[in-house]
Amino acid sequence: MAMLEEFRGVTLLTAEAAAARFLAQGWTPGGKTRDGVETSWDKGSVGGWVRTFDGGAVSVSFFVWIRDVDESGYFDDLDAVYEQGEQALADFLPEIEESRLAGHLIEAEQTEADRDEFIRLRKWTLDGRFLTAGVIQHDTDLPVTVMVVLSADERQWLCRGPGLTAVPGSRRHAAHPRGLRYAHLSASGQ
């Protein structure tokens, strides 16, 4: 992914620096701003989001595959959709593992929170940041997506901050001790 390579070169990743990189690479602003900075970007079938956390840390998320709910508002065959997501992730991983980033990626240990949040994932460190690629569904009536996140803190995709709340987990996440999973940054950037 060209954008991941772009962000690797940014020493101090700020929302402004991320927005400038998206714009320079020809991404289209999505019209979602926070503190005067665009946070939502689109290019082809890929969506990008920038989130600033308390203390100024920034994470950049990319959604590279999405399968929306069926007409019923849910998935008629959730297991089949998870399998499609897992295959989409497997098909996408070579874009990371065979890119110019390959020599800089170090496999990172998956945490319990990672395994609770993602249906399937791969995780690396990249020059002191965390790079996570995985299949995720934020709630049972929301799309299943393949998401790639670059962040300074391995937990920055978790529920941490205003506008994000724990939501009832899907059947796949029913093993979570509290029956909850964490919502990620919404498409509205809030």
Side-chain angles (χ1 to χ4, degrees), residues 1-10 13 15 18-19 21-32 38-51 58-70 75 78-102 104-105 107-108 110 113-127 129-139 141-152 154-158 164 170 172-173 181-189:
M1 290 192 60
M3 284 305 293
L4 288 176
E5 293 171 10
E6 281 289 314
F7 288 118
R8 180 175 174 259
V10 178
L13 185 57
R21 296 291 172 132
F22 275 112
L23 194 57
Q25 291 295 313
W27 287 62
T28 304
K32 309 290 184 197
E38 181 65 43
T39 61
S40 174
W41 298 87
D42 296 296
K43 189 170 188 178
S45 62
V46 179
W49 285 269
V50 179
R51 175 148 188 234
V58 171
S59 73
V60 180
S61 304
F62 299 92
F63 291 86
V64 297
W65 179 87
I66 188 165
R67 169 69 159 73
D68 210 347
V69 295
D70 298 323
F75 291 106
L78 189 58
D79 288 329
V81 174
Y82 285 160
E83 287 174 14
Q84 291 170 7
E86 290 172 6
Q87 185 60 54
L89 176 64
D91 293 344
F92 178 76
L93 285 174
E95 290 191 37
I96 295 173
E97 298 169 333
E98 297 170 8
S99 72
R100 292 185 296 187
L101 299 176
H104 305 278
L105 295 173
E107 193 81 25
Q110 296 177 12
D114 294 332
R115 289 185 294 276
D116 182 52
E117 183 70 11
F118 288 92
I119 296 161
R120 175 93 51 213
L121 77 140
R122 290 288 306 272
K123 183 176 173 182
W124 307 266
T125 59
L126 175 64
D127 299 334
R129 295 184 177 127
F130 288 91
L131 179 62
T132 306
V135 181
I136 193 167
Q137 183 185 27
H138 300 295
D139 200 0
D141 61 346
L142 292 176
V144 174
T145 61
V146 172
M147 179 173 71
V148 179
V149 180
L150 180 66
S151 61
E154 66 180 326
R155 297 167 296 156
Q156 285 182 338
W157 48 264
L158 290 173
L164 298 177
S170 69
R172 184 77 173 231
H173 293 87
R181 48 192 274 225
Y182 297 97
H184 178 64
L185 175 65
S186 69
S188 68

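Here, residue 1 is the first one in the sequence, and each next residue gets the next number. Hydrogens, waters and symmetry mates are skipped; everything else that's a heavy atom, side chains included, is used.
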Taking every non-hydrogen atom, the tightest pair across [X] and [Y]:
X: Leu13; Y: Ala18; value: CD1-CB, 4.2 Å
X: Ala133; Y: Val148; value: CB-CG2, 4.1 Å
X: Ile96; Y: Leu4; value: CG1-CD1, 4.4 Å
X: Ile136; Y: Glu117; value: CD1-OE2, 3.1 Å
X: Gly85; Y: Val146; value: O-CG2, 3.6 Å

From [X] atom [atom1] to [Y] atom [atom2], the distance as rounded to the nearest 0.5 Å:
X: Ser59; Y: Phe7; atom1: OG; atom2: CZ; result: 10.5 Å
X: Asp91; Y: Gln84; atom1: CG; atom2: CD; result: 11.5 Å
X: Arg120; Y: Glu83; atom1: CZ; atom2: CD; result: 10.0 Å
X: Lys123; Y: Leu131; atom1: NZ; atom2: CG; result: 10.5 Å
X: Leu126; Y: His104; atom1: CG; atom2: NE2; result: 8.0 Å
X: Leu93; Y: Ser99; atom1: CG; atom2: OG; result: 11.0 Å

Is any side-chain heavy atom of [X] closer than 4.5 Å to a side-chain heavy atom of [Y]?
X: Arg100; Y: Arg8; answer: no
X: Arg122; Y: Phe92; answer: no
X: Phe22; Y: Val50; answer: yes
X: Thr145; Y: Trp65; answer: no
X: Trp27; Y: Met3; answer: yes
X: Phe62; Y: Leu150; answer: no

Short side-chain to backbone donor-acceptor contact, [X] and [Y], under 3.5 Å:
X: Thr132; Y: Val149; value: no
X: Arg21; Y: Glu6; value: yes
X: Glu97; Y: Ala102; value: no

Classify the ring geometry of Phe63 against Trp49: parallel below 30°, tilted from 30° to 60°, perpendicular beyond 60°.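 Perpendicular.
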My understanding is that only residues two or more places apart in sequence, or in another chain, count here; which of them pass side-chain contact (heavy atoms from CB on, under 4.5 Å) with Glu98?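 Scan of Glu98 (side-chain contact (heavy atoms from CB on, under 4.5 Å), adjacent residues dropped) gives Pro94.
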Step-by-step side chain to side chain contact (heavy atoms under 4.5 Å, CB included) determination, Gln110 to Phe118: CA-CA 10 Å; Gln110 296 177 12; Phe118 288 92; over 6 Å; no
